[in-house]
Amino acid sequence: MAVPIPEALQQVKALTFDIFGTVVDHRTSVPLELGERAREKIASPTFGSLPEATRARLQTMTEDDWGKVAQEWRTSYWEFTRSFVPGKSEWKDIDTHHYEALHGLLGKWGLTGTYTDDEVRSISQIWHRLKPWDDSAAGIRRLGIRFVTSTLSNGNQSLLQDLNAYGDLGFRKILSAADFGAYKPHPSTYLGAAAALGFRPDEVAMVAAHLGDLAGARSNGLRTIYVERHREESWSPDDLQYKEARGWVDLWVTESEDGLLEVARRLGIPE
């Protein structure tokens with residue numbers, strides 16, 4: 001039986017997608033690779049040349065520890081993008097931030113000097129190889145039958161292009177907030193994306209697993225599609241702003257549903 005398309009989305013022609021957490025699962029991919037790189041270092045011929053304290057620290061790092069490092073890395077990204085002021089802050093792309101932040105985190109965790117600078121840069125490229133959620137590629141491709149599908153992430157162009165290729169995601173357009181000299185939730189990112197796609201803001205729907213992102217899109221005239229993902233939402237269900245979002249989000253897909261495939265179904269695209 002056909003599902004009625006929400007009235008607010010009936011004139012939508014393009015979908016812009018947040019990537020980290022919405023389309024790809026960084027909370028699994030990043031800790032796993034950090035742990036793997038540590039094991040590779042311990043098994044390498046150069047491990048014995050490291051100071052004894054550094055060797056001992058690396059050997060005692062657990063999966064839980066690497067999960068905490070990954071979360072701190074992600075938090076640093078959030079703080080960096082939220083503190084950036086277009087026209088005032090010196091420009092820095094996300095690849096550069098990830099590299100610099102990783103250096104700082106290794107120091108914080110007692111791992112300074114564990115890796116060469118080239119190795120730190122290589123590890124920081126983890127963010128180019130994140131595993132998509134199981135529904136992402138099929139959902140995006142199905143949505144692309146009817147809509148222009150585009151990334152709209154704070155990640156830089158090369159990062160987004162690599163994620164699109166790595167996950168075989170099938171985006172029709174690759175847009176980065178960096179294309180507009182800003183980071184979400186700055187208005188220029190949402191309005192710039194709509195203009196770049198050739199549509200009015202109300203003809204574009206932002207798809208994200210973060211209500212803060214959708215609030216930014218909504219305040220600039222875009223429609224909103226919320227896809228719950230495990231551990232991604234920073235707003236508590238007990239918060240007033242979360243409860244209010246239940247009233248203004250145009251389409252809400254719960255974690256128990258099938259992610260982007262459910263979005264396609266609710267927008268009237270048959271399987």
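All values below were derived from every heavy atom in this structure, side-chain atoms included, with hydrogens, water molecules and symmetry-related copies excluded.
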Would you check if the side chain of [X] reaches a backbone N or O of [Y] as a donor-acceptor pair within less than 3.5 Å?
{"X": "Glu257", "Y": "Thr254", "result": "yes"}
{"X": "Thr54", "Y": "Leu50", "result": "no"}
{"X": "Asp93", "Y": "Asn156", "result": "no"}
{"X": "Thr224", "Y": "Leu214", "result": "no"}
{"X": "Arg231", "Y": "Arg27", "result": "no"}
{"X": "Ser176", "Y": "Gly155", "result": "yes"}

Does a side-chain heavy-atom distance below 4.5 Å link [X] with [Y]?
{"X": "Leu222", "Y": "Phe199", "result": "no"}
{"X": "Glu63", "Y": "Pro31", "result": "no"}
{"X": "Tyr190", "Y": "Val204", "result": "no"}
{"X": "Glu232", "Y": "Phe20", "result": "no"}
{"X": "Thr60", "Y": "Arg57", "result": "yes"}
{"X": "Thr149", "Y": "Arg141", "result": "no"}

May I ask you to check whether [X] and [Y] show a side-chain donor-acceptor distance below 3.5 Å?
{"X": "His103", "Y": "Glu100", "answer": "no"}
{"X": "His97", "Y": "Ser76", "answer": "yes"}
{"X": "Thr75", "Y": "Gln71", "answer": "yes"}
{"X": "Gln157", "Y": "Asp179", "answer": "yes"}

### Query
Would Leu197 end up clustered with Val263 when hydrophobic side chains under 4.5 Å apart are linked, directly or stepwise?
no
Charged N to carboxylate O under 4.0 angstrom, [X] versus [Y]?
{"X": "Glu119", "Y": "Arg37", "value": "no"}
{"X": "Arg223", "Y": "Glu203", "value": "no"}
{"X": "Lys68", "Y": "Glu72", "value": "no"}
{"X": "Lys92", "Y": "Asp95", "value": "no"}
{"X": "Asp258", "Y": "Arg265", "value": "no"}
{"X": "Asp18", "Y": "Arg229", "value": "no"}

### Query
For Leu15, which of Ile225, Ile140, Leu152, Leu9 qualifies under side-chain contact (heavy atoms from CB on, under 4.5 Å)?
Ile225
### Query
Does NZ or CZ of Arg121 lie under 6.0 Å from the centre of the six-membered ring of Tyr99, at an angle within 45° of the ring axis?
yes
### Message
Do Lys13 and Phe147 form a cation-pi contact, if we require the NZ or CZ to be under 6.0 Å from the six-membered ring centre and within 45 degrees of the ring's axis?
### Response
no
### Query
Going by the angle between their ring planes, with limits at 30° and 60°, are Trp127 and His98 parallel, tilted or perpendicular?
parallel
### Message
I'd like to know whether the aromatic ring centres of Tyr183 and Trp91 sit less than 6.0 Å apart in this structure.
### Response
yes
### Message
I'd like to know whether the aromatic ring centres of Trp252 and Tyr242 sit less than 6.0 Å apart in this structure.
### Response
yes
#### Entry: Derivation and outcome, side chain to side chain contact (heavy atoms under 4.5 Å, CB included), residues Asp202 and Gln11
CA-CA 8 Å; Asp202 64 316; Gln11 303 305 313; 5.7 Å; no
### Residues Asp25, Thr28; criterion side chain to side chain donor-acceptor pair (under 3.5 Å); working and verdict
CA-CA 6 Å; Asp25 177 15; Thr28 299; 2.6 Å; yes
